[in-house]
2 protein chains.
Amino acid sequence: MVAAMSDTVQAIRWENNHLVLLDQRILPRDIRYLSLDTCQETTQAIKDMVVRGAPAIGISAAYGIVLAARQRWRESPATWRQNLQQDLEELAASRPTAVNLFWAIDKMRRIIEKLPVGQNPEKALLEAAQQIHRDDIEANKTMGELGAALINQPCAVLTHCNAGALATGGYGTALGVIRSASAAGNVQHVFADETRPWLQGARLTAWEMVQENIPVTLLCEGASAWLMRQKKVAWVIVGADRIAANGDVANKIGTYNLAVNARHHGVKMMVVAPTTTIDMEIADGSAIPIEQRSQDEVLNVNGQPMAATGADAWNPAFDVTPAALIDAIVTERGVIFQPDSVKMAAVMENG
Amino acid sequence: MVAAMSDTVQAIRWENNHLVLLDQRILPRDIRYLSLDTCQETTQAIKDMVVRGAPAIGISAAYGIVLAARQRWRESPATWRQNLQQDLEELAASRPTAVNLFWAIDKMRRIIEKLPVGQNPEKALLEAAQQIHRDDIEANKTMGELGAALINQPCAVLTHCNAGALATGGYGTALGVIRSASAAGNVQHVFADETRPWLQGARLTAWEMVQENIPVTLLCEGASAWLMRQKKVAWVIVGADRIAANGDVANKIGTYNLAVNARHHGVKMMVVAPTTTIDMEIADGSAIPIEQRSQDEVLNVNGQPMAATGADAWNPAFDVTPAALIDAIVTERGVIFQPDSVKMAAVMENG
């Protein structure tokens with residue numbers, strides 16, 4: 001199924017009582033939507049990166065729980081709540097780093113616990129999932145404005161991975177700021193790391209920027225320091241998968257590399273993430289679980305073996321950037337400059 | 001033609017009066033040698049990266065000049081020397097950054113100028129080219145020992161691109177040090193950047209290390225800072241394409257990124273290059289011409305378009321690492337610690 005592109009990219013839709021996901025593994029070559037009927041399918045889609053990006057994973061999980069509740073209620077209205085636990089556990093085990101997944105599961109779990117015995121849960125849970133989805137888009141637009149306000153003169157920026165509409169409910173976190181700042185005339189050019197091994201930058205970020213008519217130039221990660229050396233960028237702007245209570249940021253592997261280089265070159269570092277990405281139960285980044293993905297993602301390119309046989313590969317999906325290297329964390333509740341535990345707590349108490 | 005692998009990888013051979021090059025574009029999938037009969041073919045092979053790596057380019061160029069002289073002599077013993085000039089110019093225009101190319105052309109040109117009128121130039125030029133080739137291997141072995149002596153306890157190291165036997169006359173520069181230090185028991189594990197866009201690390205360095213039974217783990221460039229953060233490497237060891245008189249080093253794009261990160265993490269940075277890579281006529285790195293290669297190398301992967309249509313790409317083939325970020329430049333004439341103009345000049349006068 002190929003859909004006409006609207007002015008806003010939609011990675012996640014609820015349609016005809018199904019969760020419909022844009023298959024991000026085959027973008028931009030093919031625009032194909034998968035229609036999911038069960039929570040198991042949703043768990044698998046998150047594992048396989050049909051959908052990726054911390055907020056998008058959280059939203060998809062919320063819809064997946066709607067599917068789970070519907071299935072379990074159909075099977076047994078008397079025991080659906082117990083039977084659902086297995087679905088929630090499997091969903092929680094799909095990917096370890098993005099905390100939005102656990103946040104969404106917890107939020108849905110609290111609603112499930114409060115539902116009266118004997119009530120079909122589907123409607124209430126669907127409303128909750130759709131509210132999570134709407135709230136995320138609204139948060140992104142707020143962050144877009146707050147982040148764009150930090151960019152007060154025309155410049156180029158560098159982004160990494162994809163923290164756009166495809167990674168969220170819509171509009172995007174880092175790309176939301178870039179959209180807003182571009183509309184304001186201050187982001188004039190976007191440099192995007194291609195983001196090996198999965199090429200989210202080349203495949204997804206470039207695709208979103210082209211659709212928005214924002215000039216975008218790809219580069220290999222190795223070239224980013226040389227780009228900064230030539231003073232071609234004023235800001236590095238990225239999303240996050242989990243932010244610890246002290247402001248340490250887990251994000252796509254390569255982010256920490258950019259942060260070290262940004263500091264070295266006097267380029268500012270902005271992290272854009274909704275408060276659903278902040279994990280106040282983790283004191284600092286050292287406790288954030290980092291997903292190790294299959295070495296095949298590095299050893300093969302485009303499904304073809306590229307590396308010498310006999311070599312192995314190290315493929316952490318994320319790294320942790322210490323708060324000390326971050327100039328601003330932009331949330332929907334406000335901007336945290338030079339983040340630390342005290343400032344993070346102040347913003348989170350403000351919710 | 002598939003050759004059995006000997007204990008030393010040979011990228012360049014003179015065989016049956018032809019220049020025989022191992023086609024590095026298709027390694028490690030296919031081991032195929034191209035047999036070249038003309039200087040034009042040699043120029044094209046350098047442009048197309050059949051052969052790459054600064055010393056290997058220089059050696060190939062020297063052999064290419066043998067082929068040119070043979071052809072021009074056959075065509076016209078009276079005017080071969082004038083007719084050859086065009087070949088030398090085309091050869092010099094093949095790739096701009098590696099200075100070994102220009103060094104080899106100059107060296108061969110001086111021999112050409114001294115040849116008596118009426119003498120068939122082939123024998124003398126072949127001897128000169130073979131001497132350049134032998135000298136390079138010998139320099140690599142000397143550098144291997146000198147560099148390995150700097151690694152005085154068992155550790156892991158990180159390398160970038162391929163500065164191995166494939167990039168040189170044999171043995172390698174950075175990988176020569178790694179070979180020697182591995183033999184001494186001090187390099188226990190090699191981490192190798194895959195080195196986008198051409199994947200020299202995944203395809204060539206990994207291949208060389210596997211053949212030597214040196215444990216090698218590939219990573220994407222973006223992961224290198226995270227690797228250093230986890231203190232998994234003691235040294236970054238790389239080659240060079242051109243070193244300026246003050247010790248600034250042009251090398252494969254991504255090297256500067258590693259140097260910034262190495263300094264940030266207290267990892268030592270070693271550059272290994274023969275004095276043929278040092279360009280004393282260039283005061284500092286800002287004057288080194290940096291080759292910009294086709295954006296298709298970034299936009300396509302494995303010959304297939306991967307990036308979104310409408311995006312462009314920035315694809316500098318090299319970057320420049322300031323001398324201040326380098327702990328040691330290892331040459332066959334000695335090690336230059338914390339390089340600067342005075343120390344560089346002292347080593348070069350020592351030749």
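Here is the naming used below: chain letters follow the sequence lines, and residue numbers restart at 1 for every chain. Just so you know, these numbers come straight off a predicted model, no measurement behind them.
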Problem - Step-by-step side-chain contact (heavy atoms from CB on, under 4.5 Å) determination, B:Asn261 to A:Asn257 - result: CA-CA 7 Å; B:Asn261 269 292; A:Asn257 179 57; 2.7 Å; yes
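- Taking chain A as the reference chain and counting heavy-atom pairs below 4.5 Å, the highest number among B:Thr195, B:Leu258, B:Asp312, B:Asp319 is found for B:Asp312.
- A distance of 9.0 Å separates NE2 in A:His264 from CZ in B:Arg263, rounded to the nearest 0.5 Å.
- The shortest side-chain heavy-atom distance between B:Cys220 and A:Val298 falls under the 4.5 Å cut-off.
- Between A:Ala311 and B:Ala206, the closest heavy-atom pair is CB-CB, 3.7 Å.
- The part of A:Gln230 that comes within reach of chain B is its side chain, from C-beta onward, which places non-hydrogen atoms under 4.5 angstrom from that chain.
- In summary, A:Arg196 and B:Glu221 do not engage in a salt bridge, as defined by a charged side-chain N under 4.0 Å from a carboxylate O.
- Proximity to chain A (any heavy atom under 4.5 Å) is shown, for B:Arg203, by both the backbone and the side chain.
- When each of B:Pro316, B:Ser224, B:Ala313 is checked for heavy-atom pairs under 4.5 Å with chain A, B:Ala313 comes out on top.
- Contacts between A:Leu227 and chain B at a heavy-atom distance below 4.5 Å involve backbone atoms as well as side-chain atoms.
- Atom CE of B:Met306 and atom CD of A:Glu194 lie 9.5 Å apart (nearest 0.5 Å).
- Contacts between A:Leu219 and chain B at a heavy-atom distance below 4.5 Å involve backbone atoms as well as side-chain atoms.
- In this structure, A:Trp226 and B:Trp314 approach most closely via the heavy-atom pair CD1-CH2, 3.5 Å.
- Interface check for chain A: of the options B:Asp193, B:Val210, B:Thr217, the most heavy-atom pairs under 4.5 Å are formed by B:Thr217.
- The shortest side-chain heavy-atom distance between B:Pro322 and A:Arg229 falls under the 4.5 Å cut-off.
- Between chain B and the residues A:Leu27, A:Leu199, A:Val216, A:Leu218, the most heavy-atom pairs under 4.5 angstrom are made by A:Leu218.
- Counting only heavy atoms from C-beta outward, the side chains of B:Thr309 and A:Trp207 never approach each other to under 4.5 Å.
- For the pair A:Val260/B:His265, a side-chain contact is recorded, criterion being any heavy-atom separation below 4.5 Å from C-beta on.
- No other option in B:Thr321, B:Val320, B:Asn315 has as many heavy-atom pairs under 4.5 Å with chain A as B:Val320.
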